[in-house]
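Just so it is clear, the model here is predicted, and its values are computed rather than measured. Letters A, B, ... are given to chains in the order of the sequence lines, protein chains preceding strands, and every chain is numbered from 1.
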Amino acid sequence: MERTEQELRRLEELDLLEQAGLTAYPYSFEKTHNALDILKNYSDENSAEFSNVSIAGRIMAIRRMGKAAFCHILDASGKIQIYMRKDDIPDFYDNLKYLDIGDIIGVKGFVFRTKTGEISVHTKEIQLLCKSITPLPVPKEETDEQGNKIIHDAFTDKETRYRQRYVDLIVNYPIRDVFIKRSKIISQMRKYFDEKGWLEVETPILQPIYGGASARPFVTHHNALDIPLYLRIADELYLKRLIVGGFEGVYEISKNFRNEGMDKMHNPEFTSMEIYVAYKDYNWMMEMTEDVINTIANEVLGTTDINYDGKNISLQKPFKREKMFDLFKKYIGKDIFGASLQELLQIAEENKVELPANAPYSKIIDEIFSELVQPNLINPTFVIDYPIEISPLAKKHRNQEGLVERFELFINGSEVANAFTELNDPRDQRNRLEQQAIERAKGDEEAMVLDEDFLHALEIGMPPTAGLGIGIDRLVMLLTGQTSIRDVLFFPQLKPEK
RNA sequence: GACUCGGUAGCUCAGCUGGUAGAGCAUUAGACUUUUAAUCUAAGGGCCAUGGGUUCGAUCCCCGUCCGAGUCACCA
């Protein structure tokens, strides 16, 4: 391994510190406060309560001035300034020159306010808790007259930020808010479902037959069984088996895997939430969906008004509800319900919607929708009643031939949720999956695979059920203002280096 | 997968019409006991992503490769 000049120097310093009798990697440290506890609660009146604090954190800046020094340390709550004088720590002070940005220290002392007014900790005892060998990027932070923070030499290289997220989290400290919000969004969602009495469950990730969505899977191999296994593309079919089994509300928050392209909206592994509730239909599910999103926004953000990508979006319920074919009418000026393949192709051509060669009917509808309608759906909109061809797991519409009871929720032109009144007539389900098998035989790699055991479960009998899937990553993007999925994942998929 | 842009010091970047590199921060040495982008003085640090080509000579021009970003395509 090649080491840089700075790393070699730090390794030497580490030796020197150890020769001086210090432990560079001790086992624990007793903290009494976080940086934020002190900054928020300290005042000149109650300073006595802060006469003996113990804090720890990573050195982010150090200013040595002869026989006194200042540094800023960063802990999980934020940054705080430390003041050190040779008089107070005579034994340690000479070692200060061997401390670097990136080292972790523990400090005991009293809180005070400096001449310039910054709340700081005056060190009485100091201990090295971890010596850092590899230098961190060193951005500088300036506060201008208006109190705005200006970052100089920010650590901006996306590739390194994603590959070394641990560095990114330290140096670009504010990004941790996105991940904290992500965690809160998920726990609020869980809380909402748990309070309703629905059961969080786990179903197989390794599946002998994949299903529940139209996508290409990852394939792996089980050695002992000597069979191929697929990483799940959706939870749907297993969760419905559990409804058959007698649970009346089950949900799962989990990773799905799709072997497809990656871009700002797609990562090969992504998190989704799927929930199935017995005796309900998609109308009920729409209300539940807007309620859960509304609740999460209020709990996590404290508001339902968000700004995303320069657009103001209201998550106030109720959300708009639009029938899919009404939207077609609205945005292409034509009723295409029941249109022939020829007519659809013509519309696609007129509107410059590009289609793959020999696209099936369902694909064309889908393309026309995503090109001409979807981008217009900025405020939350439930698009309801889809053509049967593109929804093989949804129940036939109770009033209208050729449609199913399905909705998708679009916000800012992007799909956030997908739901239907679940198809529970085993005869119809078999027909539809057989139709998929035909599409598959014709070369549609994404068409669903027929799962006999799933059909068997439906033949045992599944009560009327409503099902919903929410793309957690996209919801998090929306609620945190991020425009790339990579920025809501700690470790987005990248090509291996070299 | 296609196109565009990018890869130069630990970090952020500059580098002219081709003449083998520059700044700030970081680092090192010195000064400084309330600094805060600390300051002042001095110094070190580079296989210019990578492999070829053109040229007397390539960070720069040409071709290939790798990695990333963006757009499109594929894809919910």
Task: Integer-rounded Å distance: B:A37 P and A:Phe70 CZ - done: 12 Å

Task: Those residues that, when tested against A:Glu290, pass salt bridge (Lys or Arg N to Asp or Glu O under 4.0 Å) (two or more places apart) - done: A:Arg321

Task: By side chain to side chain contact (heavy atoms under 4.5 Å, CB included) - contacts of A:Ser391 (at least two apart) - done: A:Tyr386, A:Ala394, A:Val404, A:Arg406

Task: Intra- and interstrand pairs of RNA chain B - dot-bracket, Watson-Crick/G-U under 3.5 Å, | marks other strand - done: (((((((..((((.....[..)))).(((((.......))))).....(((((..]....))))))))))))....

Task: Any A:Arg9 side-chain N or O less than 4.0 Å from OP1/OP2 of B:A26 - done: no

Open item on the list: I'd like to know if A:Gln81 reaches the base of B:U35 with its side chain such that a donor and an acceptor end up less than 3.5 angstrom apart.
Closed with: yes

TODO: Let me have a per-nucleotide readout for nucleotides 8-14 of chain B, 5' to 3', with B, S or -, counting only protein heavy atoms under 4.0 Å.
DONE: --BSBS-

Task: Rounded C1' spacing from B:C61 to B:C16 in Å - done: 15 Å

TODO: In whole angstrom, give me the gap between the P atoms of B:G19 and B:C11.
DONE: 26 Å

Task: Gap between atoms NZ and P, on A:Lys264 and B:C75 respectively (whole Å) - done: 20 Å

Open item on the list: For a quick check, tell me whether the side chain of A:His152 and the base of B:C25 share a donor-acceptor pair closer than 3.5 Å.
Closed with: no

Task: By ring pair (Phe, Tyr, Trp, His ring centres under 6.0 Å) - contacts of A:Phe70 (at least two apart) - done: A:Tyr83

- [ ] Check whether the ring centres of A:Phe382 and A:Phe407 lie less than 6.0 Å apart, and answer yes or no.
- [x] yes

Task: Separation of atom CD1 in A:Ile364 from atom P in B:C75, rounded to whole Å - done: 13 Å

- [ ] With C1' as the reference atom in both, quote the distance from B:A58 to B:G53 in angstrom, rounded to an integer.
- [x] 11 Å

TODO: Using the side chain to side chain contact (heavy atoms under 4.5 Å, CB included) rule, pick out the option among A:Asp385, A:Ile388, A:Thr421 that qualifies with A:His397.
DONE: A:Asp385

- [ ] Sort and list the pairs that fulfil salt bridge (charged side-chain N to carboxylate O under 4.0 Å, His left out) and have at least one residue in residues 468-480 of chain A, not counting sequence neighbours.
- [x] A:Arg182-A:Asp473

